[in-house]
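Have a look at the structure below before the remarks.
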Amino acid sequence: MRKLTHVRFFGLLAFLIYLNLPERRSPYLLSGGFTALFAFTDEIHQAFIAERNGRLMDIMLDVISGVIVLFLIYIWKIKAATEK
């Protein structure tokens, strides 16, 4: 259940970051980078909290979640552009 929360949260985070970036400055790369940076700092933060730990596997899951959402956005935009 916790891992599913990671997927939803970081997927949503990547989507929201993407929406707030200008189209002309590679929004996929920037939003993926910001999502990865947040995942990394979140796990560092968790390493200092009692009964929590920072795991590399969680960082990878968070980043993969964001990448999947960004890939789906990319596919959706290509599909919408070809239908016009």
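Given the structure is predicted, the values throughout are model-derived calculations rather than measurements.
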Exercise for the section: Just say parallel, tilted or perpendicular for the rings of F10 and F38, cut-offs at 30° and 60°. Expected result: tilted

Handout entry: R8 side, atom CZ; L4 side, atom CG - distance, nearest 0.5 Å
Key = 4.5 Å

Handout entry: Within-4.5 Å side-chain heavy-atom neighbours: F40 and H45
Key = no

Problem - Nearest-0.5 Å distance that lies between atom CG in L21 and atom CG in L29 - result: 10.5 Å

Practice task
Nearest 0.5 Å please: distance from the OG atom of S65 over to the NZ atom of K3.
Solution key: 10.5 Å

Exercise for the section: Would you give the length of the straight line joining atom CG of L12 to atom CG of L16, rounded to the nearest 0.5 angstrom? Expected result: 4.5 Å

Practice task
Answer yes or no: is there a donor N or O on one side and an acceptor on the other, between the side chain of E43 and the main chain of R55, under 3.5 Å?
Solution key: yes

Problem - pair Y18-E23: side-chain heavy atoms closer than 4.5 Å - result: yes

Handout entry: L70-F15 co-clustered via ILVMFWY side chain contacts under 4.5 Å
Key = yes

Practice task
Find out whether I17 and T35 are in side-chain contact, i.e. whether some heavy atom of one side chain is under 4.5 Å from a heavy atom of the other.
Solution key: yes

Exercise for the section: Only counting residues at least two apart or in another chain, list the ones meeting side chain to side chain contact (heavy atoms under 4.5 Å, CB included) with L37. Expected result: T41

Exercise for the section: Indicate, with yes or no, if L19 and Y28 share a hydrophobic cluster defined by side-chain heavy-atom contacts under 4.5 Å among Ile, Leu, Val, Met, Phe, Trp and Tyr. Expected result: yes

Problem - D58 side chain reached by H6 side chain, heavy atoms, under 4.5 Å - result: yes

Exercise for the section: Answer yes or no: is there a side-chain heavy-atom contact under 4.5 Å between F9 and D62? Expected result: no

Practice task
Can you sort out the partners of D42 under salt bridge (charged side-chain N to carboxylate O under 4.0 Å, His left out), two or more places apart, ordered by chain and number?
Solution key: none

Practice task
Would you indicate whether E83, at its atom CD, is surrounded by more than 12 heavy atoms from other residues, nucleotides or ligands within a distance under 6.0 Å?
Solution key: yes

